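Following: one structure in structure tokens, then a few remarks.
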Amino acid sequence: MKKIILPFFVLLGLNLSAQIQPKSELKSVKVEQTQPKPNDPMAAPREYLIHPDKLKLAFISGQIPADFPKYNNDLDKKANIEIAKTWARANRHLILEKYWNKIDQ
């Protein structure tokens with residue numbers, strides 16, 4: 001009887017030790033956020049220089065014109081600002097007067 005029980009407990013012990021890993025051997029998994037949180041404006045993908053909801057406030061129509069320059073990730077922020085300001089100066093008639101001072105800065 002002892003000959004049968006001993007191998008059973010040895011196999012049971014090996015099975016349990018294989019299922020339980022020490023914490024140091026566990027691998028961490030990074031999860032990338034693919035969808036922005038709906039109420040977090042900073043989580044929106046960078047389509048324009050500033051968040052589209054804020055950008056719409058500057059236009060008389062309340063809509064971003066189709067030809068307004070999108071953010072170019074290949075350029076730095078200053079270059080993107082200059083592109084947007086150049087477009088805005090050429091299309092000043094589309095922008096509310098209270099935002100003109102931001103264009104001229």
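These figures come from a predicted structure and were not determined experimentally. These values consider heavy atoms only, across backbone and side chains, with no hydrogens, waters or symmetry-generated copies.
Summarising the geometry, atom CD1 belonging to Ile64 is positioned 5.5 Å from atom NZ belonging to Lys56; distances are rounded to the nearest 0.5 Å. Rounded to the nearest 0.5 angstrom, Leu55 CG and Tyr99 OH are separated by 10.0 Å.
Here the shortest heavy-atom pairing between Asp53 and Leu57 reads O-CG, 3.6 Å. Arg89 approaches Ile103 most closely through the heavy-atom pair NH2-O, 3.1 Å. In terms of heavy atoms, Pro69 sits closest to Ala84 at CG-CA, 3.9 Å. When all heavy atoms of Tyr71 and Lys77 are compared, the pair lying nearest together is OH-CA, 3.9 Å.
No side-chain heavy atom of Pro65 sits less than 4.5 Å from a side-chain heavy atom of Asn91. Side chains of Ile95 and Phe59 form a contact here, defined as non-hydrogen atoms less than 4.5 Å apart.
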Fill in: Stepwise side-chain contact (heavy atoms from CB on, under 4.5 Å) check, Lys70 with Tyr48
CA-CA 5 Å; Lys70 302 220 182 223; Tyr48 299 104; 3.3 Å; yes

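Between Phe68 and Trp87, the angle of the ring planes goes over 60°, which puts this pair in the perpendicular group of the 30/60° scheme.
For the side-chain contact (heavy atoms from CB on, under 4.5 Å) with Ile83, the lone residue among Asn72, Leu75, Leu49 that qualifies is Leu75.
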